[in-house]
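In what follows, a single structure is set out as structure tokens and then discussed.
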Amino acid sequence: MTVGVDLGVTHLAVTADTAGEVRYEPNPKHLDEALELLRRLSRRVSRRQGPDRRTGRRPSRRWERANAERNRVQHRVANLRADALHKFTTRLAGDYGTVVVEDLNVAGMLKNRRLARRVADAGFGEIRRQLTYKTVWHGGRIVVADRWHPSSKTCSDCGAVKAKLPLHVRTFDCDECPW
């Protein structure tokens with residue numbers, strides 16, 4: 001069985017398989033949940049006497065404690081993200097023989113200041129990396145869809161391609177056929 005994976009920020013992934021089943025994988029947004037706590041802990045760290053490489057000054061014990069607390073929260077966010085991505089990719093690689101993923105310009109997305117934090121929190125590059133080796137483990141194969149193929153603008157029934165499709169249009173309506 002084949003599955004197509006469409007990665008996004010609102011939903012972590014939308015999967016559609018050959019049986020016609022469409023699933024929406026929710027985006028857990030681990031960093032967004034911890035962001036307020038991280039801001040507070042970072043302010044606490046900045047108010048303490050930290051290390052200075054220029055003068056060789058050692059950090060205070062209160063700075064070390066505050067920094068360790070902030071690092072624990074960051075580590076927890078990273079672990080939660082890794083756990084969610086591993087569970088998702090393992091399920092996909094185990095349930096389907098062929099997995100089709102899109103070739104995303106993740107580095108370019110991270111340069112967009114409005115998208116960068118959400119894209120990094122979702123872990124698009126990590127999903128593709130994990131799917132690449134896990135499909136091989138499970139005896140399947142991975143297909144990478146061309147970055148420039150107009151899949152969103154193409155009708156799956158008749159093959160007609162729309163010239164323009166604005167970003168706010170979330171569902172495709174074909175002008176040629178009733179689909």
Side-chain angles (χ1 to χ4, degrees), residues 3-17 22-54 56-96 98-145 147 167 170:
V3 65
V5 181
D6 181 26
L7 301 174
V9 176
T10 308
H11 300 285
L12 180 61
V14 179
T15 60
D17 58 14
V22 177
R23 290 187 183 153
Y24 294 89
E25 182 74 22
N27 190 353
K29 299 179 182 175
H30 298 294
L31 181 63
D32 282 355
E33 290 180 9
L35 210 54
E36 191 173 322
L37 177 62
L38 282 170
R39 284 183 181 131
R40 184 169 51 83
L41 292 175
S42 291
R43 282 195 306 269
R44 183 180 296 168
V45 169
S46 71
R47 286 193 295 261
R48 307 292 186 249
Q49 195 68 46
D52 191 354
R53 289 190 200 132
R54 212 169 14 103
R57 171 179 233 140
R58 294 176 47 93
S60 69
R61 293 222 177 141
R62 294 180 76 199
W63 182 90
E64 288 176 344
R65 272 198 308 266
N67 193 43
E69 188 176 358
R70 180 181 60 178
N71 290 345
R72 270 194 299 276
V73 174
Q74 286 279 21
H75 197 68
R76 177 173 165 73
V77 168
N79 285 342
L80 287 170
R81 181 185 306 117
D83 180 57
L85 294 182
H86 272 294
K87 287 177 181 174
F88 172 65
T89 55
T90 301
R91 184 168 39 91
L92 277 182
D95 291 350
Y96 300 100
T98 304
V99 180
V100 181
V101 293
E102 53 190 334
D103 181 27
L104 293 174
N105 182 13
V106 178
M109 289 179 183
L110 291 175
K111 290 179 182 175
N112 181 340
R113 66 184 184 89
R114 289 185 168 86
L115 276 180
R117 188 176 73 225
R118 301 272 164 81
V119 169
D121 191 26
F124 292 164
E126 184 66 13
I127 290 173
R128 178 164 166 203
R129 186 188 73 80
Q130 288 180 14
L131 279 174
T132 302
Y133 72 82
K134 288 181 183 184
T135 50
V136 175
W137 280 358
H138 289 91
R141 69 186 188 108
I142 188 163
V143 177
V144 179
R147 184 179 295 181
L167 284 175
R170 302 309 294 167

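Along the sequence shown, residues are numbered consecutively beginning with 1.
Residues Ala66 and Arg48 approach most closely at CB-CG, 4.5 Å, considering heavy atoms. Heavy-atom minimum distance, Phe88 versus Ala13: CZ-CB, 3.5 Å. Scanning both residues, Leu12 and Ala122, for their nearest heavy atoms gives CD1-O, 3.6 Å. Here the closest heavy-atom approach between residue Leu7 and residue Glu102 is recorded as N-OE2, 2.9 Å. The two residues Pro59 and Glu64 come nearest to each other via the heavy atoms CG-OE2, 3.4 Å.
Remark: Arg91 CZ is packed, more than 12 non-hydrogen atoms of other residues, nucleotides or ligands lying under 6.0 Å away. A 6.0 Å sphere centred on OH of Tyr133 holds more than 12 heavy atoms belonging to other residues, nucleotides or ligands. By the 6.0 Å contact criterion, CZ on Arg147 is enclosed, its count of non-hydrogen atoms from other residues, nucleotides or ligands being greater than 12.
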(message) Checking Phe124 against Val9 for the side-chain contact (heavy atoms from CB on, under 4.5 Å) test, could you report, in this order, the C-alpha distance in whole Å, the side-chain angles of both residues, the deciding distance, and whether it holds?
(response) CA-CA 9 Å; Phe124 292 164; Val9 176; 4.2 Å; yes

(message) Pair Glu25, Val5 - check side-chain contact (heavy atoms from CB on, under 4.5 Å), show working.
(response) CA-CA 10 Å; Glu25 182 74 22; Val5 181; over 6 Å; no

(request) Dump the intermediate steps for side-chain contact (heavy atoms from CB on, under 4.5 Å) on Arg81 and Leu31, then the final yes or no. (result) CA-CA 9 Å; Arg81 181 185 306 117; Leu31 181 63; 4.1 Å; yes

(request) Evaluate the criterion side-chain contact (heavy atoms from CB on, under 4.5 Å) for residue pair Thr89 and Val99; output intermediate values, then yes/no. (result) CA-CA 10 Å; Thr89 55; Val99 180; over 6 Å; no

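Considering CG of Asp83 and NE2 of His30, their distance stands at 7.5 Å, rounded to 0.5 Å. One distance of note links CZ of Arg114 with CG of Asn112; it measures 7.5 Å at 0.5 Å rounding. Rounded to the nearest 0.5 Å, atoms OG (Ser46) and CZ (Arg70) are 8.5 Å apart. Atom CG of Leu41 sits about 9.5 Å away from atom CZ of Arg72, to the nearest 0.5 Å. The OG1 atom of Thr98 lies 12.0 Å from the CG atom of Asp17; values are rounded to the nearest 0.5 Å. The CG atom of Asn79 lies 11.5 Å from the CD atom of Gln74; values are rounded to the nearest 0.5 Å.
Comment: Glu126 engages Arg129 in a salt bridge, judged by a side-chain N to carboxylate O separation of less than 4.0 angstrom. A salt bridge links Arg44 with Glu69: the distance from a Lys NZ or Arg NE/NH1/NH2 to an Asp or Glu carboxylate oxygen falls below 4.0 Å. Look at Arg118 and Asp32 and you find a salt bridge, because one of the NZ, NE, NH1 or NH2 atoms lies within 4.0 Å of a carboxylate O, short of that distance. Salt bridge Asp121/Lys29: absent, no basic N to carboxylate O contact under 4.0 Å.
At distances below 3.5 Å, not a single donor-acceptor pair connects side-chain atoms of Thr90 with backbone N or O atoms of Lys87.
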